[in-house]
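Working notes, structure below.
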Amino acid sequence: MKPRVRFAPSPTGYLHIGGARTALWNWLYARRLGGTFVLRIEDTDQERSTPESVKAILDGLNWLGIDWDEGPGKGGPYPPYFQMEKLKRYHDVAEQLIAEGKAYRDYTTEEETAQLRRDFAASKGLTDKDDLRKAGFKYSSPWREKTEKLEKPFVVRFKLQPKGERIGFDDLVLGRLEKPDDDLDDFVLLRTDGIPLYNFSCVVDDHDMAITHVGRGQEHINSTYSQVALYLALGWQQPVFAHFPLILGQNNEKLSKRKHPEADVMAHQRAGVLPHALLNFICRLGWSHGNDELFTRAQLVEFFDFADVGKTNGVWNAQKLLSINEHWIKTTPPTEIAATLVPYLKALEVDAAADAKLESAVKAFAPRAKTLVDMAQSIKPYYARGVTLDAAAAAKHLDATGKDMLTRARAKLAALPEWTAPVIDPIVDVIATETGAKKGAIAQPLRVAATGGTTSPGIGDTLALLGRDETMLRIDAALGS
RNA sequence: GGCCCCAUCAUCUAGUGGCCCAGGAUACGGCCCUUUCAAGGCUGUUACGCGGGUUCGAAUCCCGCUGGGGUCACCA
């Protein structure tokens, strides 16, 4: 049977790194097995959900190349894919549960439960919510055993009926997970305004959408027990669960939007990371395929399996991401990199087309750039007219002997029949032989004249990139300095 | 605090009882290459949290401790 998996983000901000990895792993699983990847928007938190966030999440997934078979913009056989569009369905399921005595209407107001908390706190001499938890505060509804229907607002609560047994499930990553069933409490299914809460809508939707495997972060383990209780009460078949280890920030806490800027997927685009590099990196964070580190997209699809996901949380390692980015910048065809690079150059006010010149520039700088931002910055001077000489570099390399070498080089360059790196490069050797000078004594003055500084790609590549006219212009300017 | 999950280098990880006085990658150091800077090649330092078992033999299995993380809403 082909698996049906899903990614179900709540649109309360940008696409989070953890979410992206969850999406990726589910997507990979579906792709490898020829299954279906569903995108469902869990927008029931009306306080925080926004259309902009929906767009941000879709944009993030698109940038990473994670496409969905069913969901927003695609439709599918189990609509709607936005939870707020199926309120009636949740209501019906809740009513069914009430009718069967498996849920009840709780007319206690929010203010009353808050008062209960305050009373409890006062009796124990406590103050905040955290203290209450530690002291074991537990809400118990007076409406639990009642069935009458009043003309008052109510929430629908699930009526847990613990048997003193253990409740649990077989997790694809963690193995058998269990806890005592009396550890669960009567969680809310429907709020006063009729909008469902996560534990409820999630179960209804996963069932309605015929989801076979639920892969999500370990932070959901405890809610899974509640959801299992719901599946049992509803008599629905449970999906297979797979709980993924968390991605931690440098401070060892779960990567969060507030504390960790790197949690934003698109921040990496802005930083000049290739989407595939990010994909490669996050996929390998918590999953492995032997000692392999670098994977093409096809290999990821070929190798990925929930069974190879690890159990331990992983710490975000920006340097490793950069090194992986470096690798893909180096190995992706220059044409592709050039096209991707155009907007980064634009941001630096360089209007470059993805043409032959830019491709050569990419070839020259690919082994030298960690990010596309780096690369754009390095390439920018090659699109300028003239260059400002770095004072220290000029002082060191453009003294009398330096200028003498430069003059010799200029004469030879001017006589060149062709302006390409292989033709330009030997000039350094020729002058070295003629004068007995070291290559560096020739190449460095040339480099300073051409680039203003002491570092650049090989001198042939550098001058070829600049073009004959621009090179001559800069040499003359340096000679006249 | 209750409950739940986890535990190999600084970090990501390989490892499913002998092939491991623990391998790869990143980072860090050295050497080589070299007209600069990179890249590349070679190489070095660094880990099985602790204590008990089981076994001829444990990083691998069991127990305890310790440590880390998650979760306890009319958020998801």
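Within every chain, numbering begins at 1; the chains are lettered A, B, ... in the order of the sequence lines, protein sequences first and strands thereafter.
In this structure, A:F295 CZ and A:W328 CH2 are separated by 10.0 Å, a value rounded to the nearest 0.5 Å. For the atom pair A:N26 CG and A:H213 NE2, the distance stands at 10.0 Å (nearest 0.5 Å).
Heavy atoms of A:I324 sit nowhere under 4.0 angstrom from any nucleic acid atom. Using a 4.0 Å heavy-atom cutoff across all strands shown, A:Q250 reaches no nucleic acid atom at all. Residue-level contact check: A:T454 touches the bases, meaning some heavy atom is under 4.0 Å from a base atom. At a threshold of 4.0 angstrom between heavy atoms, the contacts of A:Y225 are confined to the sugar-phosphate backbone, with no base atom among them. No engagement by A:P245 is indicated, since no non-hydrogen atom pair under 4.0 Å with the nucleic acid exists.
Judged as a side chain to side chain donor-acceptor pair (under 3.5 Å), and not counting sequence neighbours, the contacts of A:E111 are A:R118. Residues meeting the ring-ring contact (aromatic ring centres under 6.0 Å, His included) test with A:Y107, sequence neighbours left out: A:W143, A:F154. Take A:R297 and apply the side chain to side chain donor-acceptor pair (under 3.5 Å) test, not counting sequence neighbours, and it matches no residue. Applying the side-chain contact (heavy atoms from CB on, under 4.5 Å) rule to A:E302 yields no partners; only residues at least two apart in sequence or on another chain are considered. For A:K439, the side chain to side chain donor-acceptor pair (under 3.5 Å) partners at least two apart in sequence or on another chain are A:D429. Listed by chain and residue number, A:F303 satisfy the ring-ring contact (aromatic ring centres under 6.0 Å, His included) test with A:H289 (two or more places apart in sequence, or in another chain). With sequence neighbours left out, A:K102 forms a side-chain contact (heavy atoms from CB on, under 4.5 Å) with A:L97, A:E100, A:A233.
The gap from the P atom of B:U60 to that of B:U55 amounts to 16 Å, rounded to the nearest Å. Spacing between B:A7 and B:G44 at atom C1', rounded to whole Å, works out to 28 Å. Going from the C1' atom of B:G15 to that of B:A59 covers 8 Å, rounded to whole Å. Comparing B:A27 with B:C65, their P atoms sit 41 Å apart, to the nearest whole Å. Nucleotides B:U8 and B:C20, compared at atom C1', are 12 Å apart to the nearest Å. A distance of about 23 Å separates the C1' atoms of B:G51 and B:C56, rounded to the whole Å. As rounded to the nearest Å, B:G67 and B:C74 have C1' atoms that lie 37 Å from one another. To the nearest whole angstrom, the two C1' atoms, one in B:A58 and one in B:G41, are 38 Å apart.
One donor-acceptor pair, N or O on each side, does fall under 3.5 Å between the base of B:C12 and the side chain of A:K320.
One atom, CG of A:L255, and another, P of B:C12, lie 13 Å apart when rounded to the nearest Å. For the pair A:D171 CG and B:C6 C1', the interatomic distance rounds to 13 Å; values are reported in whole Å. Here the P atom of nucleotide B:U36 and the CZ atom of A:R447 are 8 Å apart, to the nearest Å. The nearest whole Å value for the distance from the CZ atom in A:F303 to the P atom in B:A14 is 15 Å. As rounded to whole Å, 10 Å separates atom C1' of B:C5 from atom NZ of A:K311. Between A:F295 atom CZ and B:C12 atom C1' the separation is 12 Å, expressed in whole Å. One atom, NZ of A:K124, and another, C1' of B:G1, lie 12 Å apart when rounded to the nearest Å. Taking atom CG on A:N325 and atom C1' on B:U26, their separation rounds to 14 Å, with Å as the unit.
Within the shown strands, B:G64 is the pairing partner of B:C50 under the Watson-Crick or G-U definition, both distances less than 3.5 Å. Figure legend. B:U36 is base-paired to no nucleotide; pairs are counted as Watson-Crick or G-U wobble with both atom distances under 3.5 Å. The pairing partner recorded for B:C28 is B:G44, the criterion being a Watson-Crick or G-U wobble arrangement whose two distances lie under 3.5 angstrom. Within the shown strands, B:G70 is the pairing partner of B:C3 under the Watson-Crick or G-U definition, both distances less than 3.5 Å.
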What pairs of donor and acceptor atoms, side-chain ones from residues 240-250 of chain A against any protein atom, are under 3.5 angstrom apart with sequence neighbours left out?
| from | atom 1 | to | atom 2 | distance (Å) |
| --- | --- | --- | --- | --- |
| A:H243 | ND1 | A:D171 | OD2 | 2.6 |
| A:H243 | NE2 | A:T224 | OG1 | 2.9 |
| A:Q250 | NE2 | A:W316 | O | 2.9 |

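Outside the 6.0 Å centre-distance limit, the rings of A:W25 and A:F306 are not counted as a close aromatic pair. Taking the centre of each ring, A:F281 and A:H327 stay at or above the 6.0 Å mark.
Salt-bridge check for A:D205 with A:R6: failed, with every basic side-chain N at 4.0 Å or more from each acidic carboxylate O. Ion pairing of A:K163 with A:D181 is absent here, as no side-chain N (NZ or NE/NH1/NH2) approaches a carboxylate O to less than 4.0 Å. Taking a cutoff of 4.0 Å between a charged side-chain nitrogen and a carboxylate oxygen, A:R40 and A:D206 qualify as a salt bridge.
RNA chain B lies under 4.0 Å from at least one heavy atom of each of the following residues of residues 282-294 of chain A: A:R284, A:L285, A:G286, A:S288, A:G290, A:N291, A:E293. Within residues 389-405 of chain A, no residue has any heavy atom under 4.0 Å from RNA chain B.
Within the structure, a side-chain polar atom (N or O) of A:K439 is placed less than 4.0 Å from OP1 or OP2 of B:U35.
Under 3.5 Å, the side chains of A:S10 and A:D45 contain no donor-acceptor pair of N or O atoms.
Residue whose closest nucleotide on RNA chain B sits further toward the 5' end, between A:D308 and A:A369: A:D308.
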Could you run down nucleotides 61-76 of chain B 5' to 3' and tag each one B, S or - for protein heavy-atom contact under 4.0 Å? -------SSBSBSBBB
Can you give me the N/O atom pairs linking the protein to nucleotides 39-41 of chain B at distances under 3.5 Å, or say none if there are none?
| from | atom 1 | to | atom 2 | distance (Å) |
| --- | --- | --- | --- | --- |
| B:A39 | O4' | A:P367 | O | 3.2 |
| B:A39 | O3' | A:K330 | NZ | 2.9 |
| B:G40 | OP1 | A:K330 | NZ | 3.2 |

